[in-house]
Amino acid sequence: MTDRRYPPVESQPSFPAIETEILERWKNDDTFAASLEKRPAGSGEPDEYVFYDGPPFANGLPHYGHLLTGFVKDAIPRYRTMKGQRVDRRFGWDCHGLPAEVEAEKQLGISGHPEVAAFGIEKFNEYCRTSVLRYTNEWERYVTRQARWVDFENDYKTLDLPYMESVMWAFKTLHNKGLIYEGYRVLAYCWRCETPLSNTETRMDDVYRDRQDPALTVKFALDSGEKILAWTTTPWTLPANLALAVHPDVVYAVIEIDGEQLILAEARLDSYEREFGEAQRVGTLLGSDLVGRTYQPLFDYFSDTESAFRILGADFVTTQDGTGVVHLAPGFGEEDQNVCLEAGIATVCPMDSHGCYTSEVTPWAGQHVFEANPAVIKHLKQVGVVVRHDSYDHSYPHCWRCAEPLVYRAISSWFVEVTAVKQRMLELNQQITWVPEHLKEGSFGKWLANARDWSISRNRFWGSPIPVWKSDDPEYPRLDVYGSLAELERDFGVVVTDLHRPAVDDLIRPNPDDPTGRSMMRRVPEVLDCWFESGSMPFAQVHYPFENTEWFEQHYPGDFIVEYIGQTRGWFYTLHVLATALFDRPAFSTCVSHGIVLGDDGQKMSKSLRNYPDPMVVFDTYGADAMRWYLLSSAILRGSDFSVTESGIRETVRQVLLPLWNSWYFLSLYANAEGTSGTWRTDSSNVLDRYILAKTAQMVERATKDLDAYDLFAACSGIREFLDVLTNWYIRRSRDRFWEGDKDAIDTLHTVLDVLCRVSAPLLPLLSETVYTGLTGNQSVHLADWPSASELVSDPELVLVMDRVREVCSVALSIRKAHARRVRLPLSELTVSHSDAQQLSGFIDIIADEVNVKRVSLSHETSAAASAVLQVNPGALGPRLGGRTQDVIKSVKSGDWRQEGDQIFAGDIELFEGEYSLKMAVTPGAASAALGDGLGMVTLNIEVTPELAAEGTSRDLIRLVQQARREAGLEVSDRITLTLGVSDALRNLMQPFLEELSSETLATSLRWADGEANTNLDGEAIFIGVERASISPR
RNA sequence: GGGUCAGUAGCUCAGUUGGUUAGAGCACCGCCUUGAUAAGGCGGGGGUCACAGGUUCAAGUCCUGUCUGACCCA
């Protein structure tokens, strides 16, 4: 067993090469599957941990945002697995939705509803299907390369028939609960493409362009006698006017001209100078005074509309332009519609899908609304209500496909009545843990509180169908909602194998309520918002409730989801809506929400700006673990945005990966030189060993706490700090012991690295795997158990004392620096003066060695080089003294304090135990420095005797020889013959140190000879010759 | 216009229930070290904690307002 050797470890590793090797091994051994099998599913909590994969939309390659989310989606499940829980991870694909259609249209060179219909819905959808799956292989390649373990074979797709059936079930269940209704929703609409546009589409670049429109100011006759002026840039909407809006707080002027009293915002009077320059001001009103007044409609097409033709109050009214009075046509404006709905005014929309007036607007029926503008204006002028007609330049949205100006139009839509469950959603939100925490009551909570009904239908082709069939004859109305394939089969008599259009549209049957047998039941044409589908993921991925009902009950809500912060309005929200409405439960118990990944210039990542390193290049240059650590240790996991820079990734390699690797290299080097390897042991009595084991235990505790809190940022910091202690203290101070093959040291470092690898496994899965498997010979670190601090050493006192030792050394080195005494130059004595100095007694060898002094003295006396300084403790002082606290602090700072026996006075005020401490300050110029707690100090004897100087020179010489060995390319254990060419004086000076020189440099012989000087010692040019000795005893 | 978050060193960010002299990494400068060495250590400069008020014995921290930025909503 003990003759086991570590595998050879490269001193200068290629991390990408190591990573691909591990990935290959995982693939061959199917380590992921093994890690699942090792944790058999039990009865749900607590031996299972439920992770929901938020489906990406894969119509492009993954970018940093996806990779970051993927790293978190991997790290947390790996951690939970090591903690003993089973974590199934199914990959999910979001397949439906507008991006797929847009991509298909682009590739097919067609655009808009009429063209798609002409092309054929079946062919079009078939194209969408292949298009969305085109990138799946690439995605798998990236995800695998980033070392994310996820089940691709058992993935779920929103286009799968079982998935779609579950979505259908959800729709019907909501309908049965009375939470689905059909209504109107105003959307941006392209009359040429005959399609509504989504928010995303109206926010694309180049959508807003300057355009000149007619601007019309018209008079509405109030029933109270005055006329109120409204302004519009869409005169064609005036026939559909149903109300006017004023701002309740705006001041409106009443003016009189030509016997008419006119009302408009006071702030707008100036801009109507031309028309009303002669008018008399006869009154002033607040908007709130006007609210509720009624007026005569301009047209009589909708004159019997209930509650219409009134003045309403609305906050969005401004006095930036127009008259401060807004004409409302609820069918043609979203705000118009909202205000009107609140006032109980129905939505009318006398425009057909081609943008032409319907027959309701009799004179211009069939005419395109834009073309009808002049006719409408002409008519209004004829009836004498036009006050002004001019033109207006403004930025106006255009269709991004066909560049025609858009209109806003009320579209028939299906809604989920979110407002009915809003209260419950807020309550259930209380059960969710949010990271960062402020999201709960912040963005998410506020968003819930203002939730409006959710429009879930889309006038599109590629998606889950709205499962509603309607009678095509209003004489015999009937509406059927379907919730399963079986129901469809029952009514339509065919086996349904595809729920996509057009197959699903072909399901037609006679209306059972129509005795004439003429009317037919036809599906409504819309498809579902794809967010409805992704929100259905927890149950739809397992085909609930048609299958897996028991499984679902045990795995809902999920334990953990993570996505970027924007999903508070997206996936997080739709999950929560459906969970509340369907199951009266939250969908997830913890949600991590990270920020946005930016380019190296702080701007959004942009291919054209080339402001970020290509992920695959980073994988090939630095490796996936470097990228993972870099992202996971950044503030992005605390919700803020974060710039990815190549230098940052390089820095990660230097600060994290290399130290870990170097520690492993170091251990393997010396253990293998000794012909041995380490074993798990925590019982070394060496203080350094005990210290690092205790530090390791603390590191484990902290990492566990941080990972339990999903604080990957903090977990990374803790490990990094530990790496510093490990490499810059433990290993550096223990070099000699390793050189001597000390088994305690080898076993201890072996044990520490074992634990470190396991703690790092979620955060550096590839590197920790290489080290761990090399170290232990075990199959995988990811099959290991998460370490527990109790496996190690608990010795908080030792940790405290050793940390004090490190501080003493650090202070001593700074004194050397201040007095220009290089470390190779031995000094005679270091004195630590501290009331607790004796606790360092077991460590004086370590200190002496580290700071290169002959002797370390411990003293509890205050050194002459220091003077006492009083420090107050305001925390204790404040409660007793109140307002006088500051006086005391001021006195003490100005030196106005004194000690009388046991009593301490600051000014006139006596201070008591606990309210102050007496500390030491160092006299300037002395070779001493205070310790951090101010209760002690370190003094260095900086006198350099000739003996010490000579010894220092000998150390310089040893170092030069070592350098020469290295330059000669010798192995660490090679013996050498050494040739020195120095002056006689120097040779005499070195005489006492020659034995040490030989043993330190493994010189089997030392020859004095001349030679051309090739280096320099203490200002003297000397020659050093190094040759490999022929016999190597090892 | 409203909301959320943020504003701390040249850059990226920590800063725990208010408490003495506000920290880290990077970058810069200087020094040192080297049998882990194309690595590492020590030290230095660099801060009106965005601004203005307020609460308090005491504010980077709590409150109010303003400004700036990001995101969301309108």
Side-chain angles (χ1 to χ4, degrees), chain A residues 9 11-12 199 315-316 318 320 334-335 338 436 438-439 441-447 449-450 452 564-566 568-569 595-596 598 602 604 633-636 638-643 645 647-648 650-652 654-655 658-659 661-670 673 713-714 717 720-721 724 727-729 731-732 735-736 738-739 809-818 820-825 850 852 870-889 892-893 916-917 919 934 955 958-959 961-963 965-966 970-974 1000-1002:
Chain A
V9 177
S11 63
Q12 284 159 35
N199 282 344
D315 289 340
F316 64 79
T318 70
Q320 297 291 307
E334 193 178 355
E335 285 174 330
N338 291 339
H438 63 74
L439 294 175
E441 303 301 337
S443 337
F444 194 71
K446 294 266 159 53
W447 179 249
N450 296 316
R452 287 203 264 144
Y564 95 108
I565 197 144
T568 42
R569 266 89 179 165
I596 299 166
L598 303 173
K604 277 190 178 152
S633 65
S634 77
I636 197 164
R638 295 192 165 177
S640 51
D641 298 348
F642 181 71
S643 298
T645 63
S647 63
R650 201 180 307 129
E651 198 53 36
T652 296
R654 239 190 66 201
Q655 292 197 12
L658 279 173
W661 184 264
N662 285 341
S663 305
W664 163 229
Y665 170 72
F666 179 86
L667 172 64
S668 71
L669 185 67
Y670 291 112
F713 176 92
S717 314
R720 229 200 86 167
E721 283 164 28
D724 181 58
T727 60
N728 292 326
W729 185 253
I731 291 183
R732 197 158 54 80
R735 274 183 204 150
D736 290 350
F738 284 94
W739 183 230
C809 291
S810 163
V811 167
L813 290 171
S814 74
I815 300 171
R816 273 182 171 276
K817 150 88 185 163
R821 300 290 189 273
R822 67 188 194 279
V823 180
R824 267 197 304 269
L825 174 69
E850 173 73 7
N852 197 14
L870 184 70
Q871 233 169 25
V872 296
N873 174 10
L877 222 46
R880 178 168 73 90
L881 293 178
R884 287 189 293 162
T885 310
Q886 292 312 302
D887 297 338
V888 169
I889 291 173
V892 169
K893 273 191 177 160
Y916 66 91
S917 46
K919 306 207 164 183
R955 295 277 292 261
I958 291 172
R959 191 215 139 204
V961 175
Q962 301 290 26
Q963 184 131 341
R965 283 183 57 113
R966 177 161 304 281
L970 300 183
E971 293 293 315
V972 164
S973 55
D974 282 341
E1000 284 291 310
T1001 60
L1002 299 187

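Letters A, B, ... are given to chains in the order of the sequence lines, protein chains preceding strands, and every chain is numbered from 1.
- The listed nucleotides are B/rU33, B/rA36, B/rC72; the one nearest the side chain of A/V823 is B/rU33.
- Nucleotide B/rA24 holds its C1' atom 8 Å from the CZ atom of A/R720, rounded to whole Å.
- Contacts of A/T1001 with the nucleic acid, taken as non-hydrogen atoms under 4.0 Å apart, include base atoms.
- Separation of the P atoms belonging to B/rG25 and B/rG41 is 9 Å when rounded to the nearest angstrom.
- The nearest pair of heavy atoms linking A/W729 to A/C809 is CH2-SG, 3.9 Å.
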Provide a list of protein-nucleic acid N or O atom pairs under 3.5 angstrom, restricted to nucleotides 4-8 of chain B.
unit_1	atom_1	unit_2	atom_2	d
B/rU4	OP1	A/K446	NZ	3.4

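- Not one N or O on the side chain of A/R720 forms a donor-acceptor pair closer than 3.5 Å with the backbone of A/Q655.
- The P atoms of B/rU66 and B/rC26 are separated by 41 Å, rounded to the nearest whole Å.
- Both A/T727 and A/F642 lie close to RNA chain B; mapped to their nearest nucleotides by heavy-atom distance, the more 5′-ward contact belongs to A/F642.
- The phosphate of B/rU33 has OP1 or OP2 within less than 4.0 Å of a side-chain N or O from A/R824.
- The nearest whole Å value for the distance from the CD1 atom in A/I815 to the P atom in B/rG41 is 21 Å.
- A straight line from CZ of A/R816 to P of B/rU33 spans 9 Å, rounded to a whole angstrom.
- For the P atoms, the distance from B/rC63 to B/rG19 is 15 Å, rounded to whole Å.
- Residues A/R569 and A/S443 come closest through the heavy atom pair NH1-CB, 3.6 Å.
- Side-chain atoms of A/R955 never come within 3.5 Å of backbone atoms of A/R824 as a donor-acceptor pair (strictly under, hydrogens ignored).
- When all heavy atoms of A/F713 and A/S634 are compared, the closest pair comes out as CD1-O, 3.3 Å.
- Within 4.0 Å of A/S11, counting heavy atoms only, lie sugar-phosphate atoms of the nucleic acid but no base atom.
- Side-chain contact between A/W661 and A/V9: present, with at least one pair of heavy atoms (C-beta onward) separated by less than 4.5 Å.
- A salt bridge does not link A/E441 to A/K446: none of the charged side-chain nitrogens sits closer than 4.0 Å to a carboxylate oxygen.
- Mapping A/E334 and A/R732 onto RNA chain B via the closest heavy atom, the residue that lands nearer the 5' end is A/R732.
- Nucleotide B/rA27 holds its C1' atom 10 Å from the CD atom of A/E651, rounded to whole Å.
- Rounded to an integer number of Å, the gap from CD1 of A/I565 to C1' of B/rC73 is 15 Å.
- Secondary-structure stems of RNA chain B, taken as three or more successive Watson-Crick or G-U wobble pairs (i with j, i+1 with j-1) under a 3.5 Å distance threshold, comprise B:1-7 with B:67-73, B:10-13 with B:23-26, B:28-32 with B:40-44, B:50-54 with B:62-66.
- You'll find the side chain of A/W447 stays beyond 4.5 Å of the side chain of A/T568, heavy atoms only.
- At a threshold of 4.5 Å between non-hydrogen side-chain atoms, the residues A/I636 and A/I596 do not count as touching.
- Distances shown here put a side-chain N or O of A/R452 below 4.0 Å from the OP1 or OP2 atom of B/rA74.
- Taking the C1' atom of each, B/rG54 and B/rU61 are spaced 15 Å apart, rounded to whole Å.
- Taking only side-chain nitrogens and oxygens, A/N728 comes nearer than 4.0 Å to OP1 or OP2 of B/rG41.
- A/Y670 and A/F738 have tilted rings, their planes meeting at an angle from 30° to 60° on a 0 to 90° scale.
- At least one side-chain heavy atom of A/N852 sits under 4.5 Å from a side-chain heavy atom of A/R816.
- For B/rG44 and B/rG3, the P atoms lie 46 Å apart once the distance is rounded to whole Å.
- Rounded to the nearest Å, the gap between the P atom of B/rG7 and that of B/rU33 is 42 Å.
- Taking atom CG of A/L813 as the reference point, atom P of B/rG40 lies 18 Å away to the nearest angstrom.
- Candidate nucleotides B/rA14, B/rA36, B/rC26 were compared by shortest atom distance to the side chain of A/I731, and B/rA36 ranks first.
- If you check every strand for non-hydrogen atoms under 4.0 Å, A/S663 touches a base.
- Contacts of A/R822 with the nucleic acid, taken as non-hydrogen atoms under 4.0 Å apart, involve only primed sugar atoms and P, OP1 or OP2.
- For the OP1/OP2 pair of B/rG25 and a distance below 4.0 Å, the side-chain nitrogens and oxygens of A/Q655 include no atom meeting the criterion.
- When heavy atoms are screened at a 4.0 angstrom cut-off, A/R654 is found touching the sugar-phosphate backbone but no base atom.
- A/L598 has its CG atom 11 Å from the P atom of B/rA70, to the nearest Å.
- Separation of the C1' atoms belonging to B/rU16 and B/rG10 is 28 Å when rounded to the nearest angstrom.
- Here the side chains of A/L813 and A/E850 are in contact, with some heavy-atom distance below 4.5 Å.
- Put simply, CD on A/Q962 is 14 Å from P on B/rU33, counting in whole angstrom units.
- The side chain of A/N662 lies closest to B/rA36, out of B/rC13, B/rG43, B/rA36.
- To the nearest whole angstrom, the two P atoms, one in B/rC67 and one in B/rC28, are 39 Å apart.
- Here A/R650 lies out of heavy-atom contact (under 4.0 Å) with every strand.
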